Student: 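Got a structure for you, questions after.
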Amino acid sequence: MKKILLLLFFAVLMLTGCTAESEKNDAKIKIMSSVFPYYDFARNVSDGADVSVSMLLPPGAESHSFEPTPKDIIDMQNCDLFIYTGGESDVWIEKILESMSEPPRTLKIMEHADLLCEEFSEGMEDGHHDHEHDEHGHECEEYDEHLWTSPLNAVKAAEAICAALSEADTENEELYKANTKRYTDELLSLHDSFEKLTKGKNITMIFGDRFPFLYFAKEYGINYYAAFPGCSSHTEANASTIAFLIDKARETKAECIFYMELSNHLTANVIAEEAGCDICLFHSCHNLTRVELESGETYISLMNKNLEMLKNAF
């Protein structure tokens, strides 16, 4: 189905080429990001400049099942800077960009961050891969793409956005650099708060859900068990996985079984009920609801809620 949709989108691009080019001549700098974190970073870096920032993934949409519309593709072509992760999940984005006769300037965040190999923890479904990962990360079958869950990677992403935007709009370079310094200071303060909370503690988080928090867990020395890896398409675990996580919850005397945003948290509910504990939202910031967006939630505000959740849970 995705292949058919891509063919239709390419046809739309051919038919709308003239319109796209005329709109591109607008003086305002247009930035489009694939997901929420880069959208929020770009808003902070460009604050005060004549820049519009939009997001390809609509609020409330599940990224792994998202299908772009023809308008989305046209907006991609019309933007001045398109920001995306650049991993396996974004191959379709790169195919669309390659099909454009005049693609926008692009920024692939994976080229500017410290990457980790995708990891499968004990008891995790979809963890039957037979390839080996180098423990130092030199060779990977696939990299984990949720790199922004580490605030230090968020700093690198914001700095990369600043550099790309300064190149596209040299007149406002000093403004972008000043904004980036202010914002990265806030991110580093967030990092310090997580580090102080977790340093020297033996914390184990149990997720009855996908686990897009590998960068976060490695950054702060947190142990974890989860039903699925971060990019799994599954939402409900099988009986053996649930039984394993219930045992781990009892063994670690867990007070919370965590789930991520936009989840039905059915698996977390079952584990929590059997283990006699609560369920708790831990936000990956991959996307947010329209209510959250309209109420002014940001990457930092959501991560601060995660910080408070950890304080309460441990």
Side-chain angles (χ1 to χ4, degrees), residues 29 31-55 80-81 83-86 107-116 144-201 203 212-222 261 282-288 292-293 295-312:
I29 299 291
I31 301 174
M32 175 179 271
S33 74
S34 58
V35 291
F36 173 71
Y38 313 141
Y39 165 82
D40 197 39
F41 302 160
R43 286 193 302 180
N44 280 276
V45 170
S46 64
D47 186 36
D50 191 17
V51 174
S52 68
V53 185
S54 62
M55 188 165 61
D80 299 288
L81 176 63
I83 308 168
Y84 67 114
T85 303
L107 174 60
K108 187 185 296 189
I109 299 295
M110 286 185 82
E111 295 178 348
H112 301 272
D114 296 325
L115 302 178
L116 295 173
D144 190 294
E145 298 174 21
H146 307 90
L147 49 91
W148 59 80
T149 58
S150 160
L152 294 185
N153 266 342
V155 168
K156 294 178 184 294
E159 290 173 341
I161 291 170
C162 175
L165 192 50
S166 296
E167 188 176 339
D169 180 22
T170 55
E171 290 184 5
N172 284 306
E173 181 176 1
E174 293 307 313
L175 172 63
Y176 300 142
K177 287 182 177 179
N179 285 343
T180 302
K181 177 63 170 62
R182 171 193 54 76
Y183 186 58
T184 55
D185 282 348
E186 293 178 26
L187 292 171
L188 290 172
S189 177
L190 176 68
H191 163 69
D192 288 344
S193 296
F194 277 116
E195 197 167 52
K196 288 175 183 176
L197 176 65
T198 58
K199 191 172 183 178
K201 295 185 176 70
I203 294 176
F213 301 97
L214 183 62
Y215 291 92
F216 178 84
K218 295 298 184 183
E219 187 67 59
Y220 302 112
I222 293 173
E261 73 276 7
F282 204 78
H283 214 296
S284 78
C285 305
H286 201 156
N287 198 9
L288 72 183
E292 287 174 325
L293 183 65
S295 65
E297 293 285 9
T298 66
Y299 172 84
I300 288 180
S301 72
L302 293 172
M303 290 295 281
N304 273 319
K305 288 182 178 180
N306 286 344
L307 180 70
E308 291 304 313
M309 184 62 69
L310 280 182
K311 288 179 181 178
N312 294 332

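Hydrogens, waters and symmetry mates are skipped; everything else that's a heavy atom, side chains included, is used. This is a predicted model, so every value here is computed, not measured.
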Student: Are K311 and E308 within salt-bridge range, i.e. N to O under 4.0 Å?
Tutor: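 Here K311 pairs with E308 in a salt bridge, since their nearest N and O are under 4.0 Å apart.
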Student: With rounding to the nearest 0.5 Å, note down the distance linking CG in L115 to CD in E111.
Tutor: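 With rounding to 0.5 Å, CG (L115) is 10.0 Å from CD (E111).
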Student: Which atoms form the tightest heavy-atom contact between Y215 and D144, and what is the distance?
Tutor: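 Here Y215 and D144 meet closest at OH-O, 2.6 Å.
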Student: Which atom names give the shortest non-hydrogen contact between Y299 and L187, and what distance separates them?
Tutor: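 Closest heavy-atom pair between Y299 and L187: CE2-CD2, 3.6 Å.
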Student: Working to the nearest 0.5 Å, report the span between CG of L288 and CE of M55.
Tutor: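 L288 CG to M55 CE: 6.0 Å, rounded to 0.5 Å.
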Student: When rounded to the nearest 0.5 angstrom, what is the spacing between CG in L302 and NZ in K305?
Tutor: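 With rounding to 0.5 Å, CG (L302) is 6.0 Å from NZ (K305).
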Student: State, yes or no, whether a side-chain contact exists between H283 and E297 at a heavy-atom distance under 4.5 Å.
Tutor: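 The answer is no, as the side chains (C-beta and beyond) never meet within the 4.5 Å cut-off.
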Student: Can you tell me if NZ on K201 sees more than 12 non-hydrogen neighbours from other groups inside 6.0 Å?
Tutor: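 Enclosed: over 12 neighbouring heavy atoms sit under 6.0 Å from NZ of K201.
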Student: With rounding to the nearest 0.5 Å, note down the distance linking CD1 in I31 to OG in S46.
Tutor: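 That separation rounds to 5.0 Å.
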Student: Would you call I300 and N304 a side-chain contact if the rule is heavy atoms closer than 4.5 Å?
Tutor: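 Yes, at least one pair of side-chain atoms sits under 4.5 Å.
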Student: Please check this pair: side chain of T170 against backbone of E167, looking for a donor-acceptor N/O pair closer than 3.5 Å.
Tutor: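 Such a contact is absent between T170 side chain and E167 backbone.
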Student: What distance separates N306 CG from F213 CZ, expressed to the nearest 0.5 Å?
Tutor: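 Interatomic distance, N306 CG to F213 CZ, rounded to 0.5 Å: 6.5 Å.
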Student: Measure from the side-chain N and O atoms of N44 to the backbone N and O of D40, and report whether any donor-acceptor pair falls under 3.5 Å.
Tutor: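 Here the side-chain-to-backbone pair exists.
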Student: With distance as the sole criterion, is a donor-acceptor pair present between the side chains of Y176 and D169 under 3.5 Å?
Tutor: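 Yes.
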Student: How long is the straight-line distance from CD1 of I29 back to CG of N172, given to the nearest 0.5 Å?
Tutor: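 These two atoms lie 8.5 Å from each other.
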Student: For the residue pair I161 and L107, establish whether any side-chain heavy-atom pair is separated by less than 4.5 Å.
Tutor: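 Contact flag for I161/L107 side chains = yes.
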Student: Which heavy atom of S33 sits nearest a heavy atom of Y38, and at what distance?
Tutor: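 Where S33 meets Y38 most closely, the heavy atoms are CB-CB, 3.8 Å.
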Student: Between R182 and D185, does at least one N-O distance fall below 4.0 Å, as a salt bridge requires?
Tutor: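 Judged by the 4.0 Å cut-off on N to carboxylate O distance, R182 and D185 do not form a salt bridge.
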Student: Do you know the tightest heavy-atom contact between T180 and C162?
Tutor: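 Minimum heavy-atom separation between T180 and C162: OG1-CB, 3.1 Å.
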Student: Going by heavy atoms in the side chains, are L293 and Y39 under 4.5 Å from each other?
Tutor: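 Sidechains of Y39 and L293: in contact.
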Student: Between side-chain atoms of residues 147-158 and protein atoms elsewhere (two or more places apart, or another chain), which donor-acceptor pairs fall under 3.5 Å?
Tutor:
| from | atom 1 | to | atom 2 | distance (Å) |
| --- | --- | --- | --- | --- |
| W148 | NE1 | S284 | O | 2.8 |
| T149 | OG1 | H146 | O | 3.0 |
| T149 | OG1 | F216 | N | 3.4 |
| S150 | OG | L152 | N | 3.3 |
| S150 | OG | N153 | N | 3.4 |
| S150 | OG | E219 | OE1 | 3.2 |
| N153 | OD1 | D114 | N | 3.2 |
| N153 | ND2 | D114 | O | 3.3 |
| N153 | ND2 | L147 | O | 3.2 |

Student: Minimum heavy-atom separation for G86 to K108, with atom names?
Tutor: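 Closest approach of G86 to K108: CA-CG, 3.5 Å.
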Student: Which pairs pass side-chain hydrogen bond (donor to acceptor under 3.5 Å, both in side chains) with one or both residues in residues 188-198, sequence neighbours excluded?
Tutor: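 Only H191-Y220 qualify under side-chain hydrogen bond (donor to acceptor under 3.5 Å, both in side chains).
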Student: Specify the closest pair of heavy atoms between L175 and G48, including all atoms of both residues, with the distance to one decimal.
Tutor: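 Nearest pair, atom of L175 first, then G48: CD2-C, 3.8 Å.
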Student: So E159 and H112, side-chain contact (heavy atoms from CB on, under 4.5 Å) or not? Walk me through it.
Tutor: CA-CA 9 Å; E159 290 173 341; H112 301 272; over 6 Å; no
